[in-house]
Asks: 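Let me begin by handing over the structure; questions about it come next.
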Amino acid sequence: MTALQKIGKYTIIFLKYFSLVFFSFVAILPIVSCVVTAFKTETEYQNTNVMTLPESWLNFGNFVEAFQKANMGRAFLNSFIVLVSVLVISVFVGTQLAYVLNRFRFPGNGLIRNLFLFATLLPGVAMQVSVFEIMTNLHFINTLYGYIIMMCGTDVISIYIYIQFFENIPVSLDESGVMDGASYFTIFYRILMPLLKPAIVTSCILKGVGTYNEYYAANLYLQDKKKWPTVATSLYTFVGPLGSKYNLICAGVIISLLPALIVFILFQKQIYSGLTAGSVKG
Amino acid sequence: MASGTVTGKTQKRSLGQWAASRDGQKVFVMIAFMVIPLLLLFVFTYLPFAEMFGFSFYNMKYIGARKFVGLKNYIKVFQRDDCFGALKLSLYYMVGSVVQLALSLYLATILSFKVKGGNIFKGFMFFPFLINGIAIGFIFKFFYTRGFVFDTVLQWCGFELENLPYWLKDQSINNISLVGTSVWRYFGQNMVLFIGAIMSVDAELYEAAMLDGANRFQQFKYIILPSIKTIITLNVILSITGSLSAFEPPYVITSGANGTGTYFVIMHEIAHTQQKVGLASAMAVVLLLIIFAATILQKLFFKYIFKGADDEDLNATVKRDKKLAKYAARKAGR
C-alpha cells in the first residue's frame, strides 16, 4: 500500500515537472531558434541546419545590418516618442476621469462608465474601417501626433485600474483637503495623484507594452515607412526581396523584442498583478 | 459638502457664496477632467461606430463619390463565397481556444502549488504574450518553413521529412498551424490570470482539505474549480467571440493565402486594398451583430447551467456583464 502510494506520488511529481518543462520548451523554442539563426553568417545559414548552433556567439554582423536596413534607429526614436507621449497623456486623462467618476455623483456617471465598457466589446479591427476615414478627414495620416492621439483614445483598461484604486483611497482624505480650503485641482494633484503611484506604474507597464507592440494601426496611419517607422512596423522592411534572409530577419526580430524582454525581467511582478488585478474577485 | 453646515447660520450669505463657488468649482473640475476622455471616446469609438453603420448602405471608396445602394452590401456579404463562408474558419479558432483554456488551467493548477523553479517556468510560458505581432509573424514563417525549426524537431522525434506536410501551404492543416501559434502566444497569459484567480482562494480551505485527506484532484474539483467558475465562464464567452473575430495569426503569417483568410482578414483586404468601404462596413456590422447574439446566447446558457447552483439575482448578472467588458479590455491589452 505504502509502496503503491509512493509510486503514485512520484508519478505525479514526474508528470508535473514533465509538463512544465515540455510547455516551457514549446514556449521558447521558436524564440531560441530565432536567436540561434541571428548569430549565423550568410554562408553558415545556408549550409547548416537551422537548429545547429552558430560557430560564434559573437557574430553581431546580422544585428548591425538589420538595424541599418530596417532604419531601426529612427524606429526606436519614433517608438520612444509615441510611448512617452501616450503614457503621459493617458496617465493624466485616465486618472482625472477616474477621479471624477469615482468621487463625484452626478447624473450620467453610470452612463459614462457603461459607454467606456461597451466600447471594449467592439473589435478594434472592424472599427478601423471607419476610423481610417476619420483620421483622413482630420489630416492625421502620416503624422506622429495623429497616431499618438488615436492611441490615447482606445484606453479603457487604465481607467478601470485607476477607478479600482480610488475606491480604496478613503474619501476622508479629500474631505480634509476641502476643510483646509484646497481646490479640487490641488486635492487631485497634491493629495491623490501621489497615492495613485502603484496604479500608475501598473497601467503604464501594461499600456506601454501594448503601445510598443502595436503594429496594425501604425501600419495603417503611419504609411510613410521611411519617415515614420515604429519598432514593430520597421520589421515590414523584411517583407519582399529580403523575405528569405532569415539570419537577417531573426536579428531584426530579436532587436525588436529586446525592450519587451528587459521590461519583463525588471517588472515581472507588476505585469502579472496588473493583468490579474480586478479580473479575479467576485 | 456636508461639513459646510456645521459653520452656523450667522454667516449665511458668505456660506452661500462659499457653497456656490465650491459647487461652481466642482462643475468646472468635472468638465475639465472629462472633456478630453469623452471627446476621444466619441471621435475614435462611437463616431466611427455610427459612420460604419452609415457606410454600409453606400457603394463608396475612402475618397470620391458615394452612391446609396440600400441593402445591397448586406446581400453581397451573404452571397459572396469569400465573405460569410470565412466564418467557418472560426471553428478552428474555437477548438484552439478550448485547448488553450484547458492547458492553461492545468498549468496554472500545477504552478499554484509549491513547485521548484515555478517562477522561471511561468516566465518562459508567459513571455510570448509580450512579443509584437509582426515579429510573431516572422518567427512562425521561419518556424514552419519546410525543413526548418518545426520539421527539424519532429525529425529528432523520429518523423521522416517526406511524410510531413507543408505546414502553411497544405490546406488540410494550415489553419491548425495558425491556431497553434495563437495558442502558443496566449496560453501563458491565460495561465497567469488563472493563477491569480486560484491564489485568491482562501488558503485555509486547502489546509482544511489536506487535513480531511483530500488529494490534489479532489482539491481541484471541489475547491479550485468552484471558486474560479466565474473567470472560466468569462474566458469561454470571450474565446468564442474572439474566435469569430480571429484576425492576427493569418494576417501576420500567411496574409490569408491558401484558404487561411478569416472573416476579418478578408474584411481588412476589402476595406484597405480593394477600397470597397461600403462592403467592408456591412461585413463589420454583420459580424458585430453575430457577436452580440453569441454573447447573449452564451450568457443565457451559463445562467441556465448555474441556475441550480446558486440563485443569481439580476444584480449579479449585471455585475457579470460589467466584469466581462472589463475583462475583455484587460485581455485585449489595449
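A, B, ... follow the sequence lines: proteins, then strands. Residue 1 opens every chain.
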Asks: Which residue, A/Val239, A/Leu235, A/Val231, forms the side chain to side chain contact (heavy atoms under 4.5 Å, CB included) with B/Ile134?
Replies: A/Leu235
Asks: Below 30° counts as parallel, above 60° as perpendicular, anything between as tilted: where do the rings of B/Phe127 and A/Phe264 land?
Replies: tilted
Asks: Does the side chain of B/Val29 reach to within under 4.5 Å of the side chain of A/Phe104, using non-hydrogen atoms?
Replies: yes
Asks: Please check: side-chain N/O of B/Asn132 versus main-chain N/O of A/Leu257, any donor-acceptor pairing under 3.5 Å?
Replies: no
Asks: Is it the side chain or the backbone of A/Thr136 that comes within 4.5 Å of chain B heavy atoms, both, or neither?
Replies: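 No part of A/Thr136 comes within 4.5 Å of chain B.
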Asks: Atom CG in A/Leu275, atom CD in B/Gln189: separation rounded to 0.5 Å?
Replies: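 The CD atom of B/Gln189 is 5.5 Å from CG of A/Leu275, to the nearest 0.5 Å.
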Asks: Compute the ring centroids of B/Phe126 and A/Tyr272, then answer whether they are less than 6.0 Å apart.
Replies: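 For B/Phe126 and A/Tyr272, the ring centres are under 6.0 Å apart.
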Asks: Hey, does B/Phe129 have a side-chain heavy atom less than 4.5 Å from the side chain of A/Ile271?
Replies: no
Asks: Without hydrogens or angle criteria, can the side chains of A/Ser19 and B/Tyr106 be said to hold a donor-acceptor pair below 3.5 Å?
Replies: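 Yes, because at least one side-chain N or O of A/Ser19 sits under 3.5 Å from a partner of the opposite role on B/Tyr106.
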Asks: Side chains of B/Glu248 and A/Tyr215: do they bring a donor and an acceptor to under 3.5 Å?
Replies: yes
Asks: Is B/Lys26 positioned over the aromatic face of A/Phe106, cation under 6.0 angstrom from the ring centre and no more than 45 degrees off axis?
Replies: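 That pair does not qualify as a cation-pi contact.
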Asks: Going by the angle between their ring planes, with limits at 30° and 60°, are B/Tyr46 and A/Phe118 parallel, tilted or perpendicular?
Replies: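 Parallel.
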